[in-house]
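In what follows, chains carry the letters A, B, and so on, assigned in the order in which the sequence lines appear, proteins first and then strands, with residues in each chain numbered from 1.
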There are 2 protein chains.
Amino acid sequence: MLKAERHQYIMTKLVEDQKVVTTDLALALDLSEDTIRRDLNELDSKKLLEKVYGGAVQVSEKSANIFDVYISQEEQKKQIVRKALSLLRDDQVIIMSGGSTNLVFAKLIPADLKATIYTYSLPIAMQLSQHPNIDLIFIGGKMQKNAMVTIGMDVIQVVSKIKADICFIGASSINIKQGLTEIGYEISIVKKAMIEASDKVVSMFSSDKLDTKMPHGVCELTKLNTIVTDLDPNDAQLEEYRKSGVFIL
Amino acid sequence: MLKAERHQYIMTKLVEDQKVVTTDLALALDLSEDTIRRDLNELDSKKLLEKVYGGAVQVSEKSANIFDVYISQEEQKKQIVRKALSLLRDDQVIIMSGGSTNLVFAKLIPADLKATIYTYSLPIAMQLSQHPNIDLIFIGGKMQKNAMVTIGMDVIQVVSKIKADICFIGASSINIKQGLTEIGYEISIVKKAMIEASDKVVSMFSSDKLDTKMPHGVCELTKLNTIVTDLDPNDAQLEEYRKSGVFIL
DNA sequence: TTATTTATTGCATACAAATGCATTTTTATT
DNA sequence: AATAAAAATGCATTTGTATGCAATAAATAA
C-alpha cells in the first residue's frame with residue numbers, strides 16, 4: 001500500500017468520523033503506530049488535519065482570522081491622523097503608502113469624502129474598499145508579504161504616471177540632515193516616486209521616529225510640505241524641523 | 001475519546017445551554033472533575049469561553065472586524081477545494097480569480113507548496129501573504145469595491161502577458177450550452193484573459209451553480225479542463241457535463 | 001543489469017502529556 | 001465566622017510521542 005493511498009484512507013476516515021485515532025488506524029492498516037503518527041504529522045504540516053494527542057481531528061473551523069491586522073498604539077495614531085483629516089478635500093487624487101499609521105488614517109476618512117485614492121498596501125485597500133465614495137486604485141506588483149505591500153518596478157512605473165494632488169507617506173525614520181529614510185531599498189524608491197508624482201507631500205508618524213535614521217534615503221526635509229505627529233506643533237522637540245520650513249500640524 | 005473531542009463537546013454544550021457546570025460535565029463524560037477543570041482552563045486561555053467558579057460561560061461576542069470576510073457554507077466549500085488541492089504542483093505558475101470558493105482554496109494550500117500565484121482579489125492576496133513559500137503577485141487596477149477585486153483594462157493587460165500553468169476560476173453560473181457565464185461584463189472579460197493565459201483551466205463551484213446562466217459569457221465548456229464540485233464525479237446531475245469531455249473531480 | 005543512494009518502516013528507549021487521587025487552599029453562602 | 005463546594009497543587013500511573021538505529025524497499029546512477 002502506497003503512502004498516498006494511506007493518506008487518502010486517513011482523510012476519508014477523518015471526514016466520516018470527524019476524528020481518527022492512531023491505534024485504530026495502525027490496526028486497520030496493519031502498520032505500526034509510528035508510521036501512522038508520521039503520516040498524521042505530515043498531513044498536519046500540510047494543514048489537511050490537526051494532529052492531537054492520540055490521533056487527529058479535522059482542521060479547526062475557527063481558522064484564526066488572517067485578516068486581523070494588529071495596530072500598536074492605535075489611540076496615539078488616531079490622534080495623529082485626526083489632525084491630518086483637515087488636509088482632505090473632495091475630488092482630490094491621493095496616493096497613500098503603507099504602514100499602520102496610514103491604515104488608521106484610512107479608517108477615519110469621513111464617509112462623505114469623494115476622492116480618488118491610489119495605494120499599494122493590501123490592508124489599506126481592504127479598509128478603503130468599505131468606503132462608499134472613494135474611487136480606489138490598487139497599484140499591483142510583487143507582494144512583500146510581511147509588510148503586505150507591493151514593491152518593485154511595476155509599482156514605480158504606475159506611481160510615476162500618476163498626477164496626484166497629495167500623498168500621505170508613512171515614515172520609518174526622519175531627521176534634520178537626511179530627511180526621510182527607510183530600512184528597505186525598494187520601499188525608498190517607491191516613496192521617491194510618490195513624492196515626484198504629488199503636488200503636496202504629507203508625512204505622518206509618531207514622535208519616536210524623530211531624529212532616527214535608516215540606510216536608504218527617500219527625500220530631504222524640504223521636499224515635505226507637511227508633517228503630522230502626536231506632538232504639539234510648538235513642542236521643543238520639533239524646533240529644528242520648524243526652522244527647516246516644513247509645515248507642522 | 002480524544003481531548004479535542006471533549007473540547008468540542010464542551011463548546012457545543014456551552015452554545016446550547018449558555019453555560020456548562022463542572023460536575024455535570026464530569027458526570028456526562030465520565031471523567032474526574034479535575035480533568036474537566038483543566039479542559040475549561042485550557043479553553044479559557046484560548047479565549048473560547050470564560051471560566052467561572054463552578055463551570056464556564058460564553059465569552060462576550062468579539063467585535064466584528066472590517067477585515068472579516070464572511071464565507072457562506074464554508075464547510076461545503078472546503079470539501080470542494082480539498083479535491084482541487086491534488087492539482088497543485090511545486091513550481092507552478094498559477095492565476096486565481098476572486099470568489100469565496102477560491103478564498104477557501106487559498107486557505108488550504110499546503111504550507112510546503114512552492115509556487116507563483118497571480119491574483120486580483122484582495123482577500124485572496126491577504127490570505128496568501130501568510131503563506132511561507134508562495135511568490136505572490138497582485139494584479140493592480142481599479143477596485144470593484146463590493147467584490148474586493150480589481151477590474152478593467154489594467155488587469156486585462158497584465159493577465160494577458162502571463163504564461164501560467166494553471167488557473168483557478170470561480171464560477172457564477174455554468175450550463176451545458178453557454179458554459180461559464182458571469183453577471184458582470186468586466187469580470188467576464190478578465191476571466192477570458194485568464195483562460196487564454198493558462199495551459200490548464202480549472203473551475204470550482206458548488207452544485208447549485210449548475211445549469212444556471214448569467215448575461216455575460218466567459219467560455220464554452222470545452223475550454224475547461226477540470227471542474228470541481230461538491231458532488232461525486234459520477235453523480236447523475238453531472239451526466240451532461242461528463243459527456244462534454246471536461247474532467248470532473 | 002548492478003551498484004549506490006535515498007526513503008520508508010518498525011523497534012527500543014527516553015521523554016512528555018494526560019489523568020485521577022489525596023491534600024491543601026480558596027471561594028461562595030449562610 | 002462557619003461550612004460546604006470548588007479549585008489548585010503535587011504526585012503516581014498510564015498512555016502517547018519523539019528519536020536514533022537497523023532492516024528493508026524503492027529510486028537513481030553507472
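With respect to Lys223(B) and Glu196(B), a salt bridge is recorded, a charged nitrogen being found less than 4.0 Å from a carboxylate O. Salt bridge status for Lys142(A) with Asp154(A): absent, with no side-chain N to carboxylate O gap under 4.0 Å. For Glu74(B) and Lys107(B), the salt-bridge test passes: some basic side-chain N is under 4.0 Å from an acidic carboxylate O.
In 5' to 3' order, the nucleotides of DNA chain D bounding all contacts with chain A (an atom under 4.0 Å from a heavy atom) are dT15(D) to dT19(D).
A heavy atom closer than 4.0 Å to some atom of DNA chain C occurs in Leu31(B), Ser32(B), Asp34(B), Thr35(B), Arg38(B), these being the qualifying members of residues 20-42 of chain B.
Residues Asn175(B) and Thr212(B) have side chains that never bring a donor and an acceptor to within less than 3.5 angstrom of each other.
Side-chain atoms of Lys51(B) never come within 3.5 Å of backbone atoms of Ala56(B) as a donor-acceptor pair (strictly under, hydrogens ignored).
A ring-centre distance under 6.0 Å is not found for Tyr120(A) and Phe138(A).
Across Lys145(A) and Asn133(B), no two heavy atoms sit closer than the pair NZ-N, 4.1 Å.
In this structure Lys209(A) satisfies the salt bridge (Lys or Arg N to Asp or Glu O under 4.0 Å) test with no other residue, sequence neighbours excluded. Not counting sequence neighbours, the partners of Asp230(B) by the side-chain hydrogen bond (donor to acceptor under 3.5 Å, both in side chains) test are Gln76(B), Ser207(B). Residues passing the side-chain hydrogen bond (donor to acceptor under 3.5 Å, both in side chains) test with Ser188(B): none are found, sequence neighbours excluded.
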Output a table of nitrogen or oxygen pairs between the protein and nucleotides 27-30 of chain C separated by less than 3.5 Å.
unit_1  : atom_1 : unit_2   : atom_2 : d
dT27(C) : O2     : Tyr53(B) : OH     : 3.2

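At the phosphate of dA17(C), neither OP1 nor OP2 sits under 4.0 Å from any side-chain N or O atom of Lys3(B).
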